[in-house]
Q: 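I'd like to ask you about the structure that follows.
Note on naming: letters A, B, ... go to the chains in the order of the sequence lines (proteins, then strands), and numbering restarts at 1 for each one.
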Protein chains: 2
Amino acid sequence: MAYDLNKFFKAISDPNRVKIMELLKDKELNVSEICQHFDMQQPSVSHHLSVLKNADIVAHTKRGKEVYYRLDSICITSCCNGFQEQFVEIEKLGKAGKAQ
Amino acid sequence: MAYDLNKFFKAISDPNRVKIMELLKDKELNVSEICQHFDMQQPSVSHHLSVLKNADIVAHTKRGKEVYYRLDSICITSCCNGFQEQFVEIEKLGKAGKAQ
DNA sequence: TTTATACATAGGAATGTATCTATATATTAA
DNA sequence: TTAATATATAGATACATTCCTATGTATAAA
């Protein structure tokens, strides 16, 4: 799978989308469930989900009337690692800790 | 150092800024030298450098009339790794290869 | 088949961003 | 001190993004 790094980073450059990703960290949620955690209207949440989907950060499955979204962690690690490798020598990678 | 992840990802969401980062990969360059690689005018390059500087992605040193910019690879690895760790279990990290 | 529910899409207003030209500031050379 | 060079800042314009309301589409329930 060839991820579009620019699309990926644009997608994660919005705090509301990052919050959606956090909600989906270890569970699937449908759109209504995601909406409950925001002040935004449902169409705005749908828009953010489509940006995440378009960047391959989330996948979705329709079950009945509901559409369930889940995180694609391969995309996240692949894009983050791939970007680092463009700029930092391999032997230096993985040494820097989490941003505090 | 507490990096601002949102600021970091917004900064790297622009192709021209990523290209500047590539130019600075293993050498310092001053603004005029960076400008030679772009069609943009010098003030636009200066603007992009200030966005990168503001996100702690580059540092700069003035020598005489010139201002030399260099990449801060610690910022890059710290932000990329820190972001991954928000969403992916530690034991799964570093397994996914470079985006092709 | 009609109605209700879940979600997506369309279109518009407000705001943010990238680029340009013009100009200010700092440093060096004459 | 005056002129030239390197870079940054200011202001304007074009375009992109976010959010809203209104509405379309698919599925399930009555």
Q: Using atom types as modelled, flag every donor-acceptor pair under 3.5 Å from a side chain in residues 60-67 of chain B to any protein atom, sequence neighbours excluded.
A:
{"residue": "B/Thr61", "atom": "OG1", "partner": "B/Arg70", "partner atom": "NH1", "Å": "2.8"}
{"residue": "B/Arg63", "atom": "NH2", "partner": "B/Glu28", "partner atom": "OE1", "Å": "2.8"}

Q: Of the non-hydrogen atoms in B/Asn6 and A/Asp14, which two are nearest, and what is the gap between them?
A: ND2-N, 3.9 Å

Q: Do A/Gln42 and C/dA8 have a side chain to base donor-acceptor pair shorter than 3.5 Å?
A: yes

Q: Under 3.5 Å, side-chain donor or acceptor atoms of residues 19-26 of chain B against the rest of the protein: list the pairs with distances, not counting sequence neighbours.
A:
{"residue": "B/Lys19", "atom": "NZ", "partner": "B/His37", "partner atom": "O", "Å": "2.8"}
{"residue": "B/Glu22", "atom": "OE2", "partner": "A/Gln86", "partner atom": "NE2", "Å": "2.9"}

Q: Counting side-chain heavy atoms from CB outward, which of C/dA18, C/dA8, C/dT21 is closest to A/Pro43?
A: C/dA8

Q: Please identify the 5'-most and 3'-most nucleotides of DNA chain D with any atom under 4.0 angstrom from a heavy atom of chain A.
A: D/dT17 to D/dA28

Q: For DNA chain D, which residues of residues 60-67 of chain B approach it to below 4.0 angstrom with any heavy atom?
A: B/Lys65, B/Glu66, B/Val67

Q: Can you spot which of B/Asp72, B/Ile76, B/Thr77 makes a side chain to side chain contact (heavy atoms under 4.5 Å, CB included) with A/Phe87?
A: B/Ile76

Q: Taking DNA chain D as the partner, which of residues 10-30 of chain B come within under 4.0 angstrom of it by heavy atom?
A: B/Asn30

Q: What is the distance, rounded to the nearest whole Å, between atom NZ of A/Lys53 and atom P of C/dA8?
A: 6 Å

Q: For the CZ atom of B/Phe38 and the CG atom of B/Asn16, what is their distance to the nearest 0.5 Å?
A: 5.0 Å

Q: Please output the side-chain donor-acceptor pairs of residues 39-47 of chain A that fall under 3.5 Å, not counting sequence neighbours, one pair per line with the distance.
A:
{"residue": "A/Gln42", "atom": "NE2", "partner": "A/Ser46", "partner atom": "OG", "Å": "3.2"}

